[in-house]
2 protein chains.
Amino acid sequence: MRLSDSEYHRLTVLKNLRAAEPVSRTELAQLSGLTGGAITPIVRDLAARGLVLEEKVPSPNRGRPRVNLRLNPAGAYVAAATLPSTGDFLVEILDLTGRAIFSQTRPLTDTRSLAVLAAQFATVLAEVIAASPLDIHAIAQVGIGLPAMVDNRTGVVEYMATFSGGRYDFAATLQALLGIPVRIDNNMNLLARAEHWFGASPPVDDFTLILIELGLGGARYQNGQLVVGSHGIEAELGHTKIVPEDGRQCHCGGFGCLQTYSSLSALVTQYCDLTGQAVPGHMGMRSLLPDVIALTKAGHNSLQDIFHRCGKYLGIAIANHINMQDPERIIVLSSEPELVDLISDDFFDALHHNTLEPLRNLARVTFRHLDEQNYSRGAAAMVLEQLYQSRTTIASADA
Amino acid sequence: MRLSDSEYHRLTVLKNLRAAEPVSRTELAQLSGLTGGAITPIVRDLAARGLVLEEKVPSPNRGRPRVNLRLNPAGAYVAAATLPSTGDFLVEILDLTGRAIFSQTRPLTDTRSLAVLAAQFATVLAEVIAASPLDIHAIAQVGIGLPAMVDNRTGVVEYMATFSGGRYDFAATLQALLGIPVRIDNNMNLLARAEHWFGASPPVDDFTLILIELGLGGARYQNGQLVVGSHGIEAELGHTKIVPEDGRQCHCGGFGCLQTYSSLSALVTQYCDLTGQAVPGHMGMRSLLPDVIALTKAGHNSLQDIFHRCGKYLGIAIANHINMQDPERIIVLSSEPELVDLISDDFFDALHHNTLEPLRNLARVTFRHLDEQNYSRGAAAMVLEQLYQSRTTIASADA
DNA sequence: CAAAATAAATTTAGGTACTAAAATTATAGA
DNA sequence: TCTATAATTTTAGTACCTAAATTTATTTTG
């Protein structure tokens with residue numbers, strides 16, 4: 001949905017405030033392209049709502065001293081519940097600055113259906129909030145992240161691997177159970193939101209995020225906004241077909257998905273194929289991975305080929321993405337630094353050779369370590385973005 | 001660049017006016033989501049500038065009769081110069097409704113450099129405008145379309161096959177030579193603009209356009225706006241890599257480009273490879289194509305395999321696009337109806353099998369015959385969009 | 001044929017949200 | 001204490017919207 005000018009300005013002010021903190025009103029005006037006269041009422045409103053703190057600083061020279069503005073960490077709290085790669089629930093309570101003030105994990109016990117999953121989310125959220133120092137009424141909203149296809153506008157889960165009951169109205173169900181507003185999005189989108197809201201300063205407005213985990217995911221920001229498809233569904237990079245003939249079979253039912261070559265599960269699965277081992281489940285894959293990496297480093301030829309191909313195909317896929325969408329930056333996240341070492345030569349080689357000449361070297365591609373906290377931060381950002389946009393009527397001061 | 005609310009509203013009103021023509025102010029208010037009171041001054045301004053005509057209609061029932069509004073064809077004229085698939089210049093003068101009132105082709109004689117090309121554009125434009133019934137001062141702007149990588153915001157040509165001198169400031173050069181404002185864009189973007197502005201009613205706001213010609217191109221509209229990359233460059237679908245290993249070599253220097261399998265030149269080239277013929281140039285390809293199609297229809301097995309693969313790979317590529325971007329509609333254009341017959345079974349089969357289940361059948365994919373006039377229409381739309389947005393101060397009426 | 005009914009379009013009153021410029025405020029230094 | 005100065009706020013003016021009232025142009029009705 002298109003933001004109105006004033007919503008857009010408010011959001012810009014807040015993003016700049018967060019990024020340049022501590023910042024004076026005058027600086028904020030320059031950063032956001034508005035005049036000082038426009039900043040005053042926006043900051044007044046935010047301060048009145050407790051989202052922004054003012055801090056007097058001794059002036060270094062003459063003239064009226066600047067008033068430093070900061071996000072008020074205690075301005076609002078968000079409960080974030082996600083299912084990161086560990087496979088367990090991570091429930092965190094975060095403040096306005098994206099810092100976790102309370103954090104607990106809970107086991108995910110039942111993976112039958114989305115309805116059961118929603119019930120478990122409700123239970124663990126209620127438990128963790130009760131265990132936290134905060135009262136449930138101090139929580140402004142709940143943000144949920146799922147490794148699933150989600151319509152983030154409606155809160156409907158379209159599809160989630162191994163869970164039956166697609167097209168399930170997850171957000172509404174949870175909201176009814178908890179009695180707090182609930183927002184939900186796909187895990188990759190959460191990481192992208194975290195990057196945009198709590199990452200670099202000034203905020204990066206055009207980037208693509210790619211994550212190499214057991215699966216392979218992607219998300220994209222353009223013009224300072226998360227890109228969502230016409231049905232609210234995010235980029236399914238992992239199930240992009242990279243091999244058109246005789247490709248490896250994917251759990252999605254298709255063949256030749258990028259995910260079957262350039263993901264952690266792909267590497268372990270192919271190793272098992274080599275050795276004739278049975279392919280383990282998610283947990284088994286994770287425990288096998290160090291061995292696979294060690295063997296590769298030790299010079300195992302067939303394994304090295306598998307890693308070469310992993311890097312190469314990822315490079316081709318990202319080159320394709322650059323050729324199609326011309327992003328400004330690409331950030332490839334991984335929790336396995338050793339994997340990055342093993343694939344980066346092949347990756348950058350393929351990236352270079354498959355990007356069209358005029359676009360070559362335009363998009364900056366960097367590897368970065370995944371911070372698992374960013375799932376929660378993204379959930380916080382999702383909720384805060386809504387909080388920021390909503391405009392309360394300014395209580396008329398007794399002028 | 002982000003449009004302001006009022007620019008956005010004006011544009012919306014005009015798109016709806018064009019699409020629903022003839023339309024009353026009251027209808028326009030409903031279509032564009034504004035109130036009647038907002039429509040009045042917008043239409044007043046457009047009428048004052050001669051872009052809109054009012055037409056009294058006898059009222060069918062009681063009440064004040066509606067005033068029908070139409071685009072005034074004579075409100076502004078645009079000179080469009082493009083290089084469609086024929087390889088020659090097509091220079092047309094179009095009215096506000098996208099109708100060509102004058103049309104001539106001129107040979108493209110010199111393909112050395114972009115500088116020479118720009119000079120030729122200037123020459124043919126000046127000649128054709130002189131030959132037309134219109135004075136050059138009646139032309140509001142010139143719109144240029146090129147089969148090239150273009151930054152449509154700056155008018156710089158980044159790269160154009162067979163023409164040397166990339167990063168050439170085409171629009172500025174031409175503007176200096178002609179003395180009229182010049183806008184320039186990539187051919188695929190022009191087709192997409194034509195589709196959005198002069199196509200279906202109500203205007204389609206989310207679609208991807210794909211063209212099967214000698215090359216293979218793509219362009220995308222999202223949220224009612226042409227999607228451009230961070231460097232103003234459009235989707236290079238043709239050079240997406242579809243085969244990662246031992247792919248066919250492409251003139252771009254890469255291997256495995258979709259264009260080397262699913263384009264007219266790919267079909268002819270592969271036929272020549274089969275028969276040991278030398279691969280002809282652009283014109284030769286076109287003349288050979290009917291034979292290739294006829295032989296395939298007659299049951300030539302190896303050729304049929306080539307066509308099967310053409311359809312299949314295109315299906316995979318578009319499925320990948322759907323999985324990544326979730327477009328609402330996809331329109332595949334071709335000037336060869338027989339080609340469509342030959343590939344559509346394989347295409348739809350591959351499309352279906354490679355689209356993720358929740359997205360399957362969500363995006364409507366249709367084949368359509370390419371109307372070569374749409375290059376010019378797109379050039380007109382590009383210019384008109386600018387014209388529409390610009391706001392002249394309303395001459396204060398003697399109230 | 002005048003009056004009533006009706007639908008389209010415009011005007012009016014009110015509000016929001018900006019800008020540019022003036023005024024105010026809070027400090028340091030003379 | 002007075003002056004200079006920089007940050008911020010206020011003021012006056014403008015653009016552009018909405019909702020509601022009004023005007024306009026027509027047909028239908030009595």
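Convention: sequence-line order gives letters A, B, ...; per-chain numbering from 1. Heavy atoms only: backbone and side chains are in, while hydrogens, waters and symmetry mates are out.
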Is any side-chain nitrogen or oxygen of A:Arg10 closer than 4.0 Å to OP1 or OP2 of C:dT16?
-> no

Sidechain-backbone polar pair: A:Glu21 side chain, A:Arg70 backbone, donor-acceptor under 3.5 Å | no

Using a cut-off of strictly less than 4.0 Å between a heavy atom of the residue and any atom of DNA chain D, enumerate the qualifying residues of residues 12-32 of chain A by number.
-> A:Ser24, A:Arg25, A:Thr26

Checking all strands, does B:Ile39 fall into the base, sugar-phosphate, or nothing category for heavy-atom contacts under 4.0 angstrom?
-> nothing

Looking at side-chain heavy atoms only, is the closest gap between B:Leu46 and B:Arg10 below 4.5 Å?
-> yes

Separation of atom CZ in A:Arg66 from atom C1' in C:dA28, rounded to whole Å | 17 Å

Nearest-Å distance, OH (B:Tyr8) to P (D:dC17)?
-> 13 Å

Map A:Ala38 and A:Val57 onto DNA chain C by nearest heavy atom, then report which one ends up closer to the 5' terminus.
-> A:Ala38

Can you establish whether the number of heavy atoms outside A:Arg153 located under 6.0 Å from its atom CZ is more than 12?
-> yes

So, is A:Thr40 close to the D:dT9 phosphate, meaning a side-chain N or O under 4.0 Å from OP1 or OP2?
-> yes

Does B:Asp151 use its side chain to pair, donor to acceptor, with the backbone of B:Val156 at less than 3.5 Å?
-> no

Rounded distance (Å) that lies between atom P of C:dA26 and atom CD of A:Glu55 | 18 Å

Check whether any side-chain heavy atom of A:Val227 lies under 4.5 Å from a side-chain heavy atom of B:Gln222, and answer yes or no.
-> yes

Among A:Leu71, A:Ile42, A:Ile39, which one satisfies side-chain contact (heavy atoms from CB on, under 4.5 Å) with A:Leu17?
-> A:Leu71

Distance check: side-chain N/O of B:Ser6 vs OP1/OP2 of D:dC16, anything under 4.0 Å?
-> yes

Distance (rounded to the nearest 0.5 Å) between A:Glu27 CD and A:Asn68 CG | 7.5 Å

Write down the distance between NE2 (A:His9) and C1' (C:dT16), rounded to a whole number of angstrom.
-> 13 Å

Which heavy atom in A:Ala76 sits nearest to a heavy atom in A:Leu51, and how many Å separate them?
-> CB-CD2, 4.4 Å

Short N/O separations, protein against nucleotides 20-25 of chain D, under 3.5 angstrom:
from, atom 1, to, atom 2, distance (Å)
D:dA25, N3, B:Arg64, N, 3.1

Give the rounded distance in Å between these two atoms: CG of B:Asn61 and C1' of D:dT26.
-> 9 Å

For the pair A:Asp326 (side chain) and B:Ser230 (backbone), establish whether a donor and an acceptor sit closer than 3.5 Å, ignoring hydrogens and angles.
-> yes

To the nearest Å, how far apart are B:Leu34 CG and C:dA8 C1'?
-> 17 Å

Would you mind reading off the distance between A:Glu7 atom CD and C:dT16 atom P, rounded to a whole angstrom?
-> 15 Å

For the pair made of CG in A:Asn68 and C1' in C:dA26, what is the distance, rounded to whole Å?
-> 15 Å

